Amino acid sequence: MSDETESAKEHELYSQRLEKAGRWRLLGANPFGNGFRPADLAGDIARKHASDGAEQLEASRPGYSVAGRVVALRSFGKAAFLKLRDRSGELQIHVKKDVLGGRRDRNKITDMGDFVGVKGTLFRSKTGELTLAATEYLPLTKALRAPPEKWHGLADVEMRYRQRYLDLVSNPEVKEVFLRRTALVRYLREFLDTRGYVEVETPMMHSLVSGAAARPFTTHHNALDISLFLRIAPELYLKRLVVGGIERVYEINRNFRNEGISTRHNPEFTMLEWYRAYATYEDMMAETEEMISGAAERVTGSLKISYQGQVIDFAPPWPRLPMAQAVRQAFPSLTEADLKDADRLRAEIGPKLPESERRHLDALGPGAMLAVLFEHGVEPRLVQPTFVTEFPTEISPLARRNDQRPEIADRFELFIVGREIANGFSELNDPLDQKGRFEAQVEAKRRGAVETMDYDEDYIRALEHGMPPTGGEGLGVDRLAMLLTDAPSIRDVILFPLLKPEKR
RNA sequence: GGGAGCGUAGCUCAAUUGGCAGAGCAAUGGACUCUUAAUCCAUAGGUUGUGGGUUCGAUUCCCUCCGCUCUCACCA
């Protein structure tokens, strides 16, 4: 540790452990050695013998070898109990001087956090705990830094995110959260795979901004000397694949959006997008109900979960709520005709918003204004799973127009605990209409809007070759993981959330 | 960027109206061959985030800056 910013105390603790590593070497053990191959797993042993009595074990004396991190250490000078943790769980180890003979000092130079390998026989201690009595005790890796406080664990929020490895060691429940997230992703893949969807990987570096309303990160390719954008969505590439005949296709991967960080936003986040030829947005809603309720059941064991004190019931079917209807319920003074009048809507919501937000309203048309009223008046109240339907076409540049009412799109969003979890629609496969929508986006960008899409000529060309009628959807995997793990912040379900670089 | 809060030993936290900066864990030395946050004795560990101000005296009150958390905005 050559860091100048370290305190004298840190240096002292580090030096002590480094010195002990040297003592390991004197005893013939490499403090960073390799080659010990445990035959068994601590947690498996504990489970296998959970109901075995002391006499039974005394008679059979089953032998095992395990390796793991020392997470508890109680020394008695000539004997010690320590607790070993490996990927399967924990097991207590008993080390005795008279058994280890000449190597007895090894337990004296073991610290919390070290990795050791142990061979021994199983017995029950006087207090009844299943314990492996060491016949061999081998230091494997010296931890040169001490773990966090053993009782309270690591509490500093920043340190937990920045040094996630310590968080995982110190707060065992954190590992459960991430295992559950992994189980969720595995379930999503399985769900789609069994329905004939093909998983693909499309570019993350785009030369155009497309597929969502967001500001991109910019990067640069040296050899080609071109600017590239980290993708904000894979949407247009996936639909090109539907054009190409991959009629059911999905991708689970990262999107990058250059925006603020909050408990619900990380600049890189995981999105599932899936597309299904010959499906409508209504089919997608049905599939979403099946997928998410199935995920809840698989991952939590129940269709009813508790999220931050609220009970969420995933049992389908979920209500379909047209946006205009929802807004009229929330703002009873508005008439049917008012909903098509941008100025009337502005007058309704404007005074309730802070100045910083109000000035963004001026350029918005009636569809976008309706969405603003929805976001403020309705969204936070949608606690139970709810599909909001009949989105204005104005804010849905990639979605198919409704046949009867061209001002609305065949689109829905799924809300749970006031958050958008998924967004799906019948895809716009009319290249002429799509052209016009892109042009409107370009025009908006020219007027100064920042979160608009570029005109994608190749995508238009693809549509001109013919895309079958298709339903598509995007689902925020992190946000769903939050719900299913009862996590208050998106940072709790992302192993390494974006942080400012550490000041040195 | 706005607002609120926080910053004390390696970790988790105390410190009365502004009056000598403390505890537990971890560490070091010692005792202890059945512990479960082991126990007991002893030791060491601090520029109270930074810089300034008020005061006889500041962890405490005021200001600057830095960092973090929450929140609003941006954004799904």
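Chain A is the first sequence line, chain B the second, and so forth, proteins listed ahead of strands; every chain is numbered from 1. No experiment lies behind these values; they were computed from the predicted model shown.
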- Closest-nucleotide 5' rank along RNA chain B - winner of A/M112 and A/M159: A/M159

- If pairing requires Watson-Crick or G-U wobble contacts with both distances under 3.5 Å, which nucleotide is the partner of B/C70? B/G3

- Side-chain donor or acceptor of A/Q92 under 3.5 Å from a matching atom on the base of B/U35? yes

- Message: Measuring only the P atom in each nucleotide, how far is B/G24 from B/A44? A whole number of Å is fine.
- Response: 15 Å

- Of all the nucleotides listed (B/C11, B/U33, B/C68), which has the minimum atom distance to the side chain of A/L154? B/C11

- Item | Donor-acceptor side-chain pairing of A/S210 and A/E235 below 3.5 angstrom | no

- Item | Carboxylate-amine/guanidinium contact A/D410 A/R401, below 4.0 Å | no

- Message: Roughly how many Å apart are B/C13 and B/G57, using the C1' atom of each and rounding to a whole number?
- Response: 27 Å

- Message: Distance check, P atoms only: B/G53 and B/U60, in whole angstrom units.
- Response: 14 Å

- Please confirm whether A/Y281 and A/F425 have ring centers closer than 6.0 angstrom. no

- Item | Any-strand Watson-Crick or G-U partner of B/C32, both distances under 3.5 Å | none

- Round to the nearest Å and state the distance from A/R264 atom CZ to B/C70 atom C1'. 11 Å

- Compare side-chain N and O positions of A/K20 against OP1 and OP2 of B/U28 and report whether any pair is under 4.0 Å apart. yes

- Item | side-chain N/O A/K78 vs B/U35 OP1/OP2, d < 4.0 Å | no

- Message: For the C1' atoms, the ones on B/U16 and on B/U59, what distance do you get once it is rounded to whole angstrom?
- Response: 14 Å

- A/F123 has a side chain; which of B/U35, B/C34, B/U12 sits nearest to it? B/C34

- Item | Side chain of A/E451 (C-beta onward), nearest among B/C74, B/C34, B/C68 | B/C74

- Message: If the cut-off is 4.0 Å, is A/R74 near the phosphate of B/A38, judged by side-chain N/O to OP1 or OP2?
- Response: yes

- Message: When both hydrogen-bonding distances must be under 3.5 Å and the geometry is Watson-Crick or G-U wobble, what is B/G22 paired with, if anything?
- Response: B/C13

- Which part of the nucleic acid, if any, lies within contact of A/N258, taking any heavy atom under 4.0 Å across all strands shown: a base, the sugar-phosphate backbone alone, or nothing? nothing

- Task: Pick base, sugar-phosphate or nothing for A/G153, based on heavy-atom distances below 4.0 Å to the nucleic acid.
- Result: sugar-phosphate

- Task: Tell me which of A/Q16 and A/P148 sits closer to the 5' end of RNA chain B, going by the nucleotide each one is nearest to.
- Result: A/P148

- Tell me: CD of A/E19 to P of B/A27, nearest whole Å? 14 Å

- Task: Between B/A58 and B/U50, how far apart are the C1' atoms? Round to whole Å, please.
- Result: 16 Å

- Close aromatic pair by centroid cut-off 6.0 Å: A/F76 and A/H94: no

- Taking atom P in both B/U69 and B/C25, what distance in whole Å separates the two? 30 Å

- Query: What interatomic distance, in whole Å, is found between C1' of B/U48 and the corresponding atom of B/A23?
  - Reply: 16 Å

- Nearest-angstrom distance from the residue atom CG of A/L73 to P of B/C25: 14 Å

- Item | Nucleotide nearest A/T131 when distance is taken to its side chain, options B/U35, B/U12, B/A27 | B/U35

- Message: Looking only at side-chain N and O atoms, does A/R61 offer a donor or acceptor that is under 3.5 Å from a partner on A/T121?
- Response: yes

- Rounding to a whole Å, what distance do you find between A/I93:CD1 and B/C34:P? 17 Å

- Query: Across the strands shown, which category fits A/R479 at heavy-atom distances under 4.0 angstrom: base, sugar-phosphate, nothing?
  - Reply: sugar-phosphate

- Message: Taking pairing as Watson-Crick or G-U wobble with both contacts under 3.5 Å, can you name the mate of B/G45, or confirm there isn't one?
- Response: none

- Query: Of the nucleotides B/U33, B/U69, B/C11, which has the atom closest to the A/R491 side chain?
  - Reply: B/U69

- Going by atom types alone, do A/R400 and A/T470 pair a side-chain donor with an acceptor below 3.5 Å? no

- Message: For B/C32, is there a stacking contact with A/F76, counting only centres under 5.5 Å and planes under 30°?
- Response: no

- Does B/U71 have OP1 or OP2 sitting under 4.0 Å from an N or O in the side chain of A/T263? yes

- Within the structure, does a side-chain N or O atom of A/K126 lie under 4.0 Å from either OP1 or OP2 of B/U35? no

- Query: What integer number of Å spans the C1' atoms of B/C62 and B/C68?
  - Reply: 23 Å

- Do A/Y161 and A/D492 have side-chain atoms, one donor and one acceptor, less than 3.5 Å apart? yes

- Query: In this structure, which one of A/K20, A/R145, A/Q16 forms a side-chain hydrogen bond (donor to acceptor under 3.5 Å, both in side chains) with A/D111?
  - Reply: A/K20

- Please state how far atom NE2 in A/H11 lies from atom P in B/A27, giving the value in whole angstrom units. 18 Å

